[in-house]
Amino acid sequence: FVLKAAVAALRRFPQLNASFDEERGEIHRKRWYDLGIAASTDQGLTVPVVRNADRRSIVDLAREIERLGADSRAGRLRPEDVGSSTFTVTSLGALGGMFATPVINYPEVAILGVHRIRPTPVARDGQVVVRDVMYLSLTSDHRVVDGTEAAAFTYEVIRNLEDPALLFLHTV
């Protein structure tokens with residue numbers, strides 16, 4: 001669901017689905033959605049890529065993420081499984097933290113951090129209730145993405161995650 005939510009938000013905010021060529025000072029917006037998935041391995045962090053994330057079903061995305069994660073941990077990634085991602089998602093939940101600042105996967109211009117879901121007291125209709133809450137963090141290159149656009153993108157991801165039916169309204 002996170003990848004689907006990210007793709008839908010990237011469609012609305014294409015500046016985040018881009019790379020920045022420092023030497024030329026050029027921004028290259030991508031019209032495809034090859035999303036990097038940061039994976040921790042015994043050899044360090046690697047970023048396998050889910051190709052054409054916008055064209056995959058939720059089930060296919062889950063299978064591909066599982067395959068890429070397993071291949072990363074086993075050291076079996078193929079050359080076509082890495083490189084040339086347009087945007088990266090990293091899951092920081094396994095570490096147990098609530099907040100972190102993910103590091104951008106250069107030459108991309110942004111990365112979305114997904115944190116652990118935790119039962120958290122929240123106010124609803126004037127009452128304090130316990131709900132499952134998941135924090136997100138976004139790091140962006142301010143030479144390309146301004147703070148307002150980064151915040152709007154993050155809120156769009158949140159909106160899509162809070163109401164997953166919206167994800168099925170987006171067409172390929």
Side-chain angles (χ1 to χ4, degrees), residues 1-56 61-62 64-69 71-73 75 77-117 133-161 167 170:
F1 282 104
V2 172
L3 292 190
K4 281 289 188 190
V7 167
L10 289 167
R11 283 188 167 133
R12 287 204 56 208
F13 301 93
Q15 198 75 349
L16 283 91
N17 194 52
S19 61
F20 182 60
D21 182 334
E22 287 188 61
E23 285 185 23
R24 293 190 167 127
E26 296 174 348
I27 300 166
H28 300 279
R29 286 187 184 172
K30 312 299 179 169
R31 292 191 172 102
W32 61 94
Y33 303 90
D34 289 349
L35 302 190
I37 305 297
S40 181
T41 70
D42 291 340
Q43 293 76 39
L45 192 65
T46 187
V47 184
V49 180
V50 176
R51 305 284 175 202
N52 302 306
D54 58 318
R55 296 187 205 151
R56 293 176 180 260
L61 284 170
E64 183 67 352
I65 291 166
E66 180 62 32
R67 180 191 74 78
L68 290 169
D71 286 355
S72 293
R73 289 183 293 280
L77 286 174
R78 304 169 299 187
E80 61 267 23
D81 289 335
V82 294
S84 301
S85 54
T86 62
F87 182 84
T88 295
V89 175
T90 184
S91 174
L92 304 156
L95 299 174
M98 290 177 54
F99 301 102
T101 304
V103 177
I104 297 171
N105 184 24
Y106 180 82
E108 296 169 19
V109 299
I111 183 170
L112 180 68
V114 179
H115 304 272
R116 179 176 282 178
I117 297 172
V133 174
M134 177 180 72
Y135 292 99
L136 301 176
S137 55
L138 182 78
T139 304
S140 61
D141 185 335
H142 282 256
R143 297 173 298 177
V144 179
V145 181
D146 70 32
T148 301
E149 188 172 28
F153 170 85
T154 305
Y155 284 116
E156 180 70 10
V157 172
I158 291 167
R159 187 173 76 91
N160 289 325
L161 290 172
L167 299 176
H170 299 283

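Computed from a predicted model, the values in this text were never measured in an experiment.
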(message) If you apply the rule side chain to side chain contact (heavy atoms under 4.5 Å, CB included), what do you find for Leu161 with Met134, and how did you get there?
(response) CA-CA 10 Å; Leu161 290 172; Met134 177 180 72; 3.7 Å; yes

(request) Could you walk me through whether Asn160 and Lys4 pass side chain to side chain contact (heavy atoms under 4.5 Å, CB included), step by step? (result) CA-CA 8 Å; Asn160 289 325; Lys4 281 289 188 190; over 6 Å; no

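Within the 4.5 Å cutoff, the side chain of Leu138 has no heavy atoms near those of the Val145 side chain. Residues Leu10 and Phe153 have side chains in contact (heavy-atom distance under 4.5 Å, counting atoms from C-beta outward). A heavy-atom distance below 4.5 Å is found between the side chains of Leu112 and Val2. Side-chain contact between Leu68 and Leu77: present, with at least one pair of heavy atoms (C-beta onward) separated by less than 4.5 Å.
Smallest separation of non-hydrogen atoms from Ala18 and Ile27: CB-CG2, 4.1 Å. Shortest non-hydrogen contact noted between Pro48 and Val82 is CA-CG1, 4.1 Å. Scanning all heavy atoms of the two residues, the minimum distance from Leu16 to Ala110 falls at CD2-CB, 3.8 Å. Of all heavy-atom pairs between Phe87 and Ala6, the closest is CE2-CB, 4.4 Å. Annotation for Ser137 and His115: closest pair OG-NE2, 2.9 Å, computed over non-hydrogen atoms.
A donor-acceptor distance shorter than 3.5 angstrom exists from the side chain of Thr139 to the backbone of Pro102, with no hydrogens or angles considered. Not one N or O on the side chain of Arg159 forms a donor-acceptor pair closer than 3.5 Å with the backbone of Tyr155. Judged by distance alone, with hydrogens and angles left aside, the side-chain atoms of Asn17 form a donor-acceptor pair with the main-chain N or O of Trp32 at under 3.5 Å. In terms of modelled atom types and a separation under 3.5 Å, the side chain of Gln15 and the main chain of Val144 share a donor-acceptor contact.
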For residues 35-45, which side-chain N or O atoms pair as donor and acceptor with protein atoms under 3.5 Å away, sequence neighbours left out?
{"unit_1": "Thr41", "atom_1": "OG1", "unit_2": "Gln43", "atom_2": "N", "d": "3.2"}
{"unit_1": "Thr41", "atom_1": "OG1", "unit_2": "Gly44", "atom_2": "N", "d": "3.2"}
{"unit_1": "Thr41", "atom_1": "OG1", "unit_2": "Gly44", "atom_2": "O", "d": "2.5"}

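Put simply, OG1 on Thr88 and CD1 on Ile111 are 5.0 Å apart, with the number rounded to the nearest 0.5 Å. With rounding to the nearest 0.5 Å, the separation of OH in Tyr135 from OG1 in Thr154 is 15.0 Å.
Enclosure of atom CD in Glu80 by more than 12 non-hydrogen atoms of other residues, nucleotides or ligands within 6.0 angstrom is indicated.
The cationic atom of Arg11 (NZ for Lys, CZ for Arg) lies less than 6.0 Å from the six-membered ring centre of Tyr33 and within 45° of the ring axis.
Take Arg24 and apply the side chain to side chain contact (heavy atoms under 4.5 Å, CB included) test, not counting sequence neighbours, and it matches Asp21, Glu26. Applying the side chain to side chain contact (heavy atoms under 4.5 Å, CB included) criterion to Ser19, with sequence neighbours excluded, gives His28, Lys30, Pro107. In terms of the salt bridge (Lys or Arg N to Asp or Glu O under 4.0 Å) criterion, residue partners of Arg143 (sequence neighbours excluded) are, by chain and number, Glu22, Asp141. Every residue two or more places apart in sequence or in another chain that forms a side chain to side chain contact (heavy atoms under 4.5 Å, CB included) with Val49 is listed here: Asp34, Arg51, Ser85. Applying the side chain to side chain contact (heavy atoms under 4.5 Å, CB included) criterion to Arg67, with sequence neighbours excluded, gives Glu64, Asp71, Arg78, Asp81.
Considering Thr90, Val89, Val157 in turn, Val89 is the only one that fulfils the side chain to side chain contact (heavy atoms under 4.5 Å, CB included) rule with Val114.
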